[in-house]
Amino acid sequence: DFHIDTPRLVVSHLDSLQDSHCDFLVTLYDNEKTRAHRPAASLMPDREAAREKIESNDLIWSTGYGRYLVSLKTPTNSATTRAEDIPFSERVKAYTKVGIVSLKLRKFEGAPLAPDVGYGLLPAFQGKGYATEAAAALVHWFEEEKGQSEFFGFCDPENEGSKAVLRRLGFEERGVRTIGGLYADGDTIDGMVFSKGL
């Protein structure tokens, strides 16, 4: 029942056995804002594609690197039951899925040598500070639990929201660069580069 609590959110593992997690990824990746800022190859056409994407996230169990579910906490319905008294696996079912946050250490040829933080939220939950809160919690967890001190962040140079999140996380802007090693097919992207600890 791994999870990271923040004041408003919980960051937890995606579960390929839960259709609701797979369906959420399809919804998250299949919206106009997401499509505008992601390569077509990374889109999620259906539940089974989402299930495969979650299952391919197997390094998360040994290294922590991978993609995590971000959920908005909801208060318990009972005045006599404290949230802490309900097992996390039950509590999380009542939470609202709002997005994903990731920290990935790429292994493809030409990949950056430090992990990169990523995030994506459903449009209805953007602009509320949730991406910053979730990404800050994950970066902090890696600093404290894994001793990780160097991070990258990449985003579309036109994506003002993502740039603002990385700035709020304390990342320094390094300019637009051609970035390789992010995808298995060898494609490069022209992205805004941010770093922390480098």
Side-chain angles (χ1 to χ4, degrees), residues 1-6 8-77 83 86-108 115-128 130-139 141-142 153-156 159 161-162 165 182-185 187 189:
D1 283 350
F2 170 87
H3 63 283
I4 302 169
D5 277 308
T6 74
R8 301 179 294 170
L9 306 170
V10 64
V11 175
S12 61
H13 288 138
L14 286 158
D15 184 350
S16 65
L17 299 178
Q18 290 193 36
D19 288 346
S20 66
H21 287 204
C22 299
D23 294 344
F24 172 74
L25 278 187
V26 172
T27 301
L28 177 66
Y29 282 68
D30 188 30
N31 70 73
E32 192 173 321
K33 278 188 165 182
T34 302
R35 286 191 302 270
H37 296 290
R38 297 187 66 84
S42 68
L43 299 179
M44 201 79 52
D46 57 36
R47 179 186 285 172
E48 291 313 308
R51 192 177 318 281
E52 288 176 25
K53 181 64 88 175
I54 295 170
E55 288 171 354
S56 73
N57 204 25
D58 60 342
L59 283 179
I60 203 166
W61 304 107
S62 59
T63 67
Y65 294 118
R67 189 177 296 103
Y68 294 84
L69 178 65
V70 178
S71 302
L72 181 62
K73 295 177 184 176
T74 52
T76 58
N77 292 334
I86 302 169
F88 175 75
S89 58
E90 291 303 311
R91 207 174 347 133
V92 73
K93 290 177 185 174
Y95 295 166
T96 302
K97 297 170 190 69
V98 298
I100 58 170
V101 63
S102 65
L103 197 67
K104 296 181 182 178
L105 184 60
R106 315 292 180 141
K107 297 294 186 183
F108 306 119
D116 61 277
V117 65
Y119 37 83
L121 298 175
L122 291 171
F125 299 100
Q126 295 174 4
K128 300 177 186 329
Y130 297 148
T132 302
E133 190 173 324
L138 188 60
V139 166
W141 185 84
F142 267 86
F154 309 120
C155 66
D156 182 320
N159 190 333
S162 283
V165 168
L182 300 181
Y183 304 105
D185 62 10
D187 278 354
I189 63 165

Side-chain contact, heavy-atom cut-off 4.5 Å: [X] with [Y]?
{"X": "Lys104", "Y": "Arg67", "value": "yes"}
{"X": "Leu182", "Y": "Phe154", "value": "yes"}
{"X": "Lys128", "Y": "Glu133", "value": "no"}
{"X": "Phe142", "Y": "Tyr65", "value": "yes"}

Rounded distance [0.5 Å steps], [atom1] in [X] versus [atom2] in [Y]:
{"X": "Leu105", "Y": "Leu59", "atom1": "CG", "atom2": "CG", "answer": "9.0 Å"}
{"X": "Ser16", "Y": "Glu52", "atom1": "OG", "atom2": "CD", "answer": "10.5 Å"}
{"X": "Cys22", "Y": "Lys53", "atom1": "SG", "atom2": "NZ", "answer": "13.0 Å"}
{"X": "Asp15", "Y": "Asn57", "atom1": "CG", "atom2": "CG", "answer": "11.5 Å"}
{"X": "Ser102", "Y": "Leu69", "atom1": "OG", "atom2": "CG", "answer": "12.5 Å"}
{"X": "Leu103", "Y": "Asp116", "atom1": "CG", "atom2": "CG", "answer": "7.0 Å"}

- Message: Asp19: which residues meet the salt bridge (Lys or Arg N to Asp or Glu O under 4.0 Å) condition with it, sequence neighbours left out?
- Response: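 Once residues adjacent in sequence are excluded, the partners of Asp19 under the salt bridge (Lys or Arg N to Asp or Glu O under 4.0 Å) criterion are Arg47, Arg51.
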
Taking all non-hydrogen atoms of both residues into account, name the closest pair between [X] and [Y] and its distance.
{"X": "Val92", "Y": "Ser71", "answer": "CG2-OG, 4.5 Å"}
{"X": "Ala135", "Y": "Val101", "answer": "CA-CG2, 3.7 Å"}
{"X": "His21", "Y": "Lys97", "answer": "CD2-CE, 3.5 Å"}
{"X": "Ala131", "Y": "Leu121", "answer": "N-CD1, 3.5 Å"}
{"X": "Tyr29", "Y": "Met44", "answer": "CB-CB, 3.7 Å"}

- Message: Under the side chain to side chain contact (heavy atoms under 4.5 Å, CB included) test against Val10, which residue among Ile4, Asp5, Leu72 passes?
- Response: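 Result for side chain to side chain contact (heavy atoms under 4.5 Å, CB included) with Val10: Asp5.
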
- Message: Using side chain to side chain contact (heavy atoms under 4.5 Å, CB included), reason through Tyr119 and Val165 one step at a time and then give a plain yes or no.
- Response: CA-CA 9 Å; Tyr119 37 83; Val165 168; 3.6 Å; yes

- For Leu122, all residues meeting side chain to side chain contact (heavy atoms under 4.5 Å, CB included), sequence neighbours excluded: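 Testing Leu122 for side chain to side chain contact (heavy atoms under 4.5 Å, CB included), a comparison that skips the adjacent residues, returns Phe24, Thr27, Leu28, Phe125.
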
- Check: Tyr68 ring centroid to Trp141 ring centroid under 6.0 Å: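 Ring centroids of Tyr68 and Trp141 are no less than 6.0 Å from each other.
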
- Message: side chain to side chain contact (heavy atoms under 4.5 Å, CB included), that's the test. Do Phe88 and Ser12 meet it? Break it down for me.
- Response: CA-CA 10 Å; Phe88 175 75; Ser12 61; 3.8 Å; yes

